[in-house]
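Numbers here simply count residues along the sequence, with the first being 1. These numbers were taken from a predicted model, which means no experiment stands behind them.
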Amino acid sequence: MKKTLLTLLAALALMPALAANNVAPWGWATCSDESGTAYNLSGGNFQDAKKVTLTALGNGQTDDQQIKQAIAMNDIIILDGSNGDFIIEEVMKIASAKNKTIIGINNARLCTKFFLTDEDNTYLAQQHLDNLSSTDQYTGTLPDGTTLTCDKRAFFTKKAMMELQYQKTGIYSLPNKAGIFHIDTSTENVIIRNLSLIGPGAVDIDGADLITNQGKHIWIDHCTFVDSQDGALDSKVCDWSTYTYNHFYYTERSYSHAYTCGCGWADGTMTLHLTFACNIWGKGCVRRLPQCGDCYVHLVNNYHNCPYNSVGMTINDGCTALVENNYAANGVNSPLTGSGSNRRVTARGNNFNATSVGAEVTMPYQYTKIAVADVPATLTGTEGAGATLGNSADYILSTIPTAERVASGETVYVFVKEDTHIGNEITEVGGITVTFDPSVTDWRSGGTSNDAQEVDGVEITGYYTQSDKTNGAPILIETTKPGTLTIFLGGGIATNKSVNMQEGEGGLTATVLSSGAQIENGAKPTTEINAWDALIYTLEANKSYKFFVGGTKWRLAAIRYIPDYSGITTVNGEQPSAGRTYNLQGQEVTAPTHRGLYIVNGRKTILR
């Protein structure tokens, strides 16, 4: 019944007769295998979800840190544009994040701090870069001393951009981090809706995308993508993702390389499963509408309104593609093209001529198509493609299926300024015991009122270490349940100091939510970790861990532990002896005979 309801919602949402297109998630993002087994894509939309609403800081301040902290500490993040644009210093990495929903209201716009000016574009045009080859390889030395081999046009574009930066700052640098979100491979079940993402202008310097998706089960819906530095929405080693009702376009700010959506490039090592439905590729889009390799992709009801482009939808090596009911406006070149080996492409119902390749391609999920003649009017109408869903967070969340989740045991340990060190034990709650070694007294009070921040609504000033002896003052952690440990930092860590989570007997992964520095056991950050970033670790049950800190100005803000809520248990060959058993389609099963995932007494159970 549940799967039928979700399919019905998706089908209704795509019907042009409806006044609104506030769609529910559907497509490959809601599947867990190529047979179409259902995946509950709910993001952070569950009964006891932690919710936060942010407005831009304004006054020339950047908003990277507050947005990253909000994502780390909450399930539903509402970005409210009523105080102006959110300014992003450099692309924000979303790592080890699961079950998150990020939405915009009141015309929320996330804008890169760096952007190409009219003077920049004039200078670039004077270099006659368009006359250079984009295929011939060239090896040279950039103004900062870097030796680089790439196509000739890209090399001299990078050289010109470095010279521009030198004119402005006195330093040869490449401003290639002007993006918004980088969704890491450790991220799953994330929804992004109703946001406008404004980039610096397209320029071929191997820059950041507005969104790079490397996660699993990601739904990006009703967003506007403008002037991406590199890709607008690139899908790289991600899987099971759906992109619906988005609008991509470029303005005069962009110089070159207006390539919107690159997908795959996995070199045959994996297959990405992607659905593009009801999107507009508008003014200024040149290529990659999208361009796919190593993908099982569904392209349905998209509107290409970008005359004088180079090529449109491009299906290359290793792709299985269903291309149906898409509409290309007059002047759009090569709406569907592609080349390479091992391709299957089924093209039908489009308003342009296209040739199918190989055996017929189908999709394992159900959906309803818009008639091809109705595509332009539907996607440009009320709540059409782009950030068009309005100002009500409740409305924007209303069609996302609600996932039940019991949050008992979620714990935030907050340390406030006191006059004594914090060498004491914290009682086990929700899966862990945290102990500060009482024999070491190097944990001391510190900070001033200027350091105050809020963590889950509690104002904190944190602690800092007064000598490097804190490497002998570990935080001791013992787990009784698996889960995610988040340690929030309230101060800088210099690159010559170490941050280390030492494992006991179990496995350990670590990610830094900031500059992208990767932490391994005993390793040092490659760049400075800024204040109010978070270290996130995945811990196993019934293990012992130690967390060490090095540095003289490190502030511990808070520790939070979230137990694993999946409810999946392993039954070693045993059949359920009591209660009711259901399959994932909601059908009662009296005596399961096949291995797989079932609902037994209300809990997910793997029968082996």
Side-chain angles (χ1 to χ4, degrees), residues 25 27-34 39-44 67-68 71-72 75 77 90-102 177 179-192 206-220 230-243 261-275 290 292-297 318 482-486 501 503 507-521 523 525-527 529 533-540 562 564-566:
W28 278 121
T30 61
C31 301
S32 56
D33 57 37
E34 289 190 356
Y39 177 93
N40 184 21
L41 179 60
S42 59
I67 293 174
K68 288 190 293 184
I71 293 172
D75 308 299
I77 299 89
E90 64 178 47
V91 63
M92 297 175 288
K93 192 170 186 179
I94 302 177
S96 296
K98 295 186 179 181
N99 312 323
K100 305 283 184 180
T101 295
I102 306 170
K177 296 183 179 179
I180 306 298
F181 291 124
H182 182 124
I183 302 172
D184 185 75
T185 55
S186 56
T187 295
E188 180 179 338
N189 190 20
V190 170
I191 294 171
I192 300 175
D206 291 329
D209 308 320
L210 287 176
I211 295 182
T212 299
N213 179 17
Q214 294 184 321
K216 291 182 174 61
H217 301 289
I218 309 295
W219 180 38
I220 300 175
D230 196 79
L233 172 56
D234 277 6
S235 304
K236 302 174 182 177
V237 297
C238 65
D239 211 352
W240 316 111
S241 293
T242 295
Y243 310 132
C261 300
C263 306
W265 299 309
D267 297 325
T269 58
M270 67 174 291
T271 299
L272 280 60
H273 299 79
L274 305 172
T275 298
C292 302
D294 302 313
C295 292
Y296 195 155
V297 62
T484 302
L485 179 77
T486 304
M501 185 72 166
E503 62 180 331
L508 171 65
T509 60
T511 303
V512 179
L513 292 181
S514 62
S515 56
Q518 297 296 310
I519 302 299
E520 298 176 352
N521 288 340
T526 57
T527 58
I529 302 173
D533 290 328
L535 300 172
I536 297 183
Y537 301 92
T538 302
L539 306 187
E540 296 183 2
I562 304 179
D564 184 356
Y565 293 113
S566 67

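- Residues forming a side chain to side chain donor-acceptor pair (under 3.5 Å) with T275 (at least two apart in sequence, or on another chain): Y365.
- Taking each heavy atom of S32 and H217 in turn, the nearest pair found is CA-CE1, 4.2 Å.
- Side chains of P290 and D234 form no contact here, defined as non-hydrogen atoms less than 4.5 Å apart.
- Residues satisfying the side chain to side chain donor-acceptor pair (under 3.5 Å) test with Y296, not counting sequence neighbours, are none.
- S241 approaches G215 most closely through the heavy-atom pair OG-O, 4.5 Å.
- In this structure, N189 contributes its side chain and G43 its backbone to a donor-acceptor pair below 3.5 Å.
- Residue S186 comes nearest to S96 through the heavy atom pair OG-N, 2.6 Å, listed as atom of the first residue, atom of the second, then distance.
- In this structure, the side chains of C31 and Y39 stay at 4.5 Å or more apart for every pair of heavy atoms.
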Please lay out, stage by stage, how T187 and K98 fare under the test side-chain contact (heavy atoms from CB on, under 4.5 Å). CA-CA 6 Å; T187 295; K98 295 186 179 181; over 6 Å; no
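- No side-chain donor-acceptor contact under 3.5 Å links D294 and T271.
- Contact detail for C295 and L274: the closest heavy-atom pair is SG-CD1, 4.1 Å.
- Two residues are said to be in side-chain contact when any heavy atoms from C-beta on lie closer than 4.5 Å; I211 and I220 meet this criterion.
- Closest approach of L272 and S235 over heavy atoms only: CD2-O, 3.5 Å.
- When only modelled atom types and interatomic distance are considered, Y243 and N213 share a side-chain donor-acceptor pair under 3.5 Å.
- Residues C263 and V297 are not in side-chain contact: their nearest non-hydrogen atoms beyond the backbone lie 4.5 Å or more apart.
- Taking OG of S42 as the start and CH2 of W219 as the end, the distance is 11.5 Å to the nearest 0.5 Å.
- Between W240 and W28, the two ring planes are tilted [angle within 30° to 60°].
- D209 pairs by the salt bridge (Lys or Arg N to Asp or Glu O under 4.0 Å) definition with K236, not counting sequence neighbours.
- Of all non-hydrogen atoms in C238 and M270, the two that sit nearest each other are O-CE, 3.4 Å.
- Residues I94 and I71 have side chains in contact (heavy-atom distance under 4.5 Å, counting atoms from C-beta outward).
- Looking only at side-chain heavy atoms (C-beta outward), I218 and I183 come within less than 4.5 Å of each other.
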Test side-chain contact (heavy atoms from CB on, under 4.5 Å) on V237 and T185; report intermediate values, then the result. CA-CA 8 Å; V237 297; T185 55; 4.0 Å; yes
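- With respect to the salt-bridge test (charged N to carboxylate O, under 4.0 angstrom), the residues K216 and D239 do not qualify.
- With hydrogens and angles disregarded, no donor-acceptor distance shorter than 3.5 Å links the side chain of T212 to the backbone of H182.
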